[in-house]
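Report on one structure; see the data block that follows.
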Amino acid sequence: MQKPVNIIAQHDLLDLLLHNYQQDIGKDFTAYRHHCYRVLNLAFWHSDHSEQSLEKIAIACAFHDLAIWVCHNFDYIDPSVALAQHYLQQQGLSDWSADISLLISEHHKVTACDDNKLAEAFRKADWTDVSLGLLNFGLDRALLRALYQTFPTAGFHWRLVQLSAAHFVKHPLKPLPMFKW
């Protein structure tokens, strides 16, 4: 894979969407914002690099895990899709609905999304970040280090461990409901 040359350090739409939910996200805001920016960059690097893809990625980033905090639900994929759908409808972007829904619903898919390149780029991005770069899908490790220096984890991964443990106690037969094959 060709080495991407720059890190997107600021995206107006992503920031606007995240700030709309800052109170809901609470003390996890910086951790989630940094996760979203890492995923935004990683997905864009794996994408076709078009402006439309970047906008779709930004919207999906903002909403992809959001229901954890807004709906207080660790089985958050469908509620996160619903939050994104509501936003898209309000903004007159219903024609993006299927694409954004797919990015969100497939981002924890274990196997590849062979039928949609942008969903696959988003899936790879989230897996790269959640694995702290252990799964890097061909991206240069120096670039990943630079991304984590720009957007430190800020406790995001530890928070995921805490949320997973709390969910497991309540739902031991469905410990990770967001994963799919």
Side-chain angles (χ1 to χ4, degrees), residues 1-22 24-25 29-71 76-131 133 135-140 143-144 146-148 150-151 156 178 180:
M1 163 174 264
Q2 183 179 354
K3 181 179 175 180
V5 293
N6 62 352
I7 292 173
I8 301 166
Q10 197 270 325
H11 190 279
D12 291 340
L13 179 57
L14 178 56
D15 281 334
L16 174 68
L17 292 170
L18 291 173
H19 284 289
N20 287 340
Y21 292 96
Q22 186 169 1
D24 293 300
I25 301 168
F29 182 76
T30 298
Y32 186 58
R33 181 180 181 274
H34 285 197
H35 168 63
C36 288
Y37 266 96
R38 290 188 304 268
V39 171
L40 175 85
N41 279 279
L42 292 162
F44 189 64
W45 295 339
H46 284 293
S47 78
D48 63 8
H49 301 102
S50 72
E51 280 300 314
Q52 186 176 69
S53 290
L54 181 59
E55 294 302 303
K56 288 179 180 181
I57 292 165
I59 293 168
C61 280
F63 290 101
H64 78 287
D65 297 334
L66 193 58
I68 292 171
W69 294 276
V70 174
C71 302
Y76 57 86
I77 298 295
D78 289 340
S80 292
V81 168
L83 289 168
Q85 294 298 317
H86 179 72
Y87 167 78
L88 292 167
Q89 188 174 34
Q90 283 183 323
Q91 300 303 310
L93 294 171
S94 295
D95 55 326
W96 285 10
S97 187
D99 288 341
I100 303 296
S101 295
L102 191 64
L103 267 64
I104 296 169
S105 68
E106 303 299 298
H107 81 275
H108 283 302
K109 191 170 186 273
V110 175
T111 57
C113 298
D114 294 325
D115 54 337
N116 188 293
K117 290 180 181 179
L118 193 57
E120 177 61 4
F122 197 79
R123 184 190 77 83
K124 286 177 177 178
D126 195 72
W127 275 104
T128 298
D129 190 52
V130 169
S131 73
L135 298 172
N136 61 34
F137 302 97
L139 291 175
D140 182 82
L143 184 63
L144 292 174
L147 182 61
Y148 279 93
T150 304
F151 295 106
F156 180 75
M178 73 295 286
K180 61 187 338 182

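Excluded from the calculations below are hydrogen atoms, water molecules and symmetry mates; all remaining heavy atoms, backbone and side chain alike, are included. This structure is a prediction, so every number in the text was calculated from the model and none was measured.
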Would you check if [X] and [Y] make a side-chain contact, meaning some heavy-atom pair closer than 4.5 Å?
| X | Y | answer |
| --- | --- | --- |
| Cys61 | Phe122 | yes |
| Leu40 | Leu14 | yes |
| Phe151 | Leu147 | yes |
| Asp48 | Ser53 | yes |

Around atom CD of Glu51, are there more than 12 heavy atoms of other residues, nucleotides or ligands at under 6.0 Å?
-> no
Just checking, is any N or O donor in the side chain of [X] or [Y] under 3.5 Å from an acceptor N or O on the other one?
| X | Y | result |
| --- | --- | --- |
| Gln22 | His19 | yes |
| His64 | His35 | yes |
| Asn136 | Thr128 | no |

Any sub-3.5 Å donor-acceptor pair from [X]'s side-chain atoms to [Y]'s backbone N or O?
| X | Y | answer |
| --- | --- | --- |
| Asn41 | Ile7 | no |
| Ser47 | Ala121 | no |
| Trp127 | Lys109 | yes |
| Trp96 | Glu55 | no |

Which residues share a side chain to side chain donor-acceptor pair (under 3.5 Å) with Asp24, sequence neighbours left out = none
Could you pull out all residues at least two apart from Asp114 that satisfy side chain to side chain donor-acceptor pair (under 3.5 Å)?
-> none
Salt bridge (Lys or Arg N to Asp or Glu O under 4.0 Å): which pairs involve residues 31-40, sequence neighbours left out?
-> Asp15-Arg33, Arg38-Asp129
In terms of ring plane angle, is the pair Phe44 and His49 parallel, tilted or perpendicular, where the classes change at 30° and 60°?
-> perpendicular
Step through it carefully: locate the ring centre of Trp69, locate the ring centre of Tyr32, and say whether they are under 6.0 Å apart.
-> yes
Would a line drawn from the ring center of His11 to the ring center of Tyr37 be shorter than 6.0 Å?
-> no
How many angstroms lie between atom OH of Tyr87 and atom CD1 of Ile59, to the nearest 0.5 angstrom?
-> 5.0 Å
Flag the pair Glu120 and Arg123 as a salt bridge only when some basic side-chain nitrogen lies within less than 4.0 angstrom of an acidic carboxylate oxygen.
-> yes
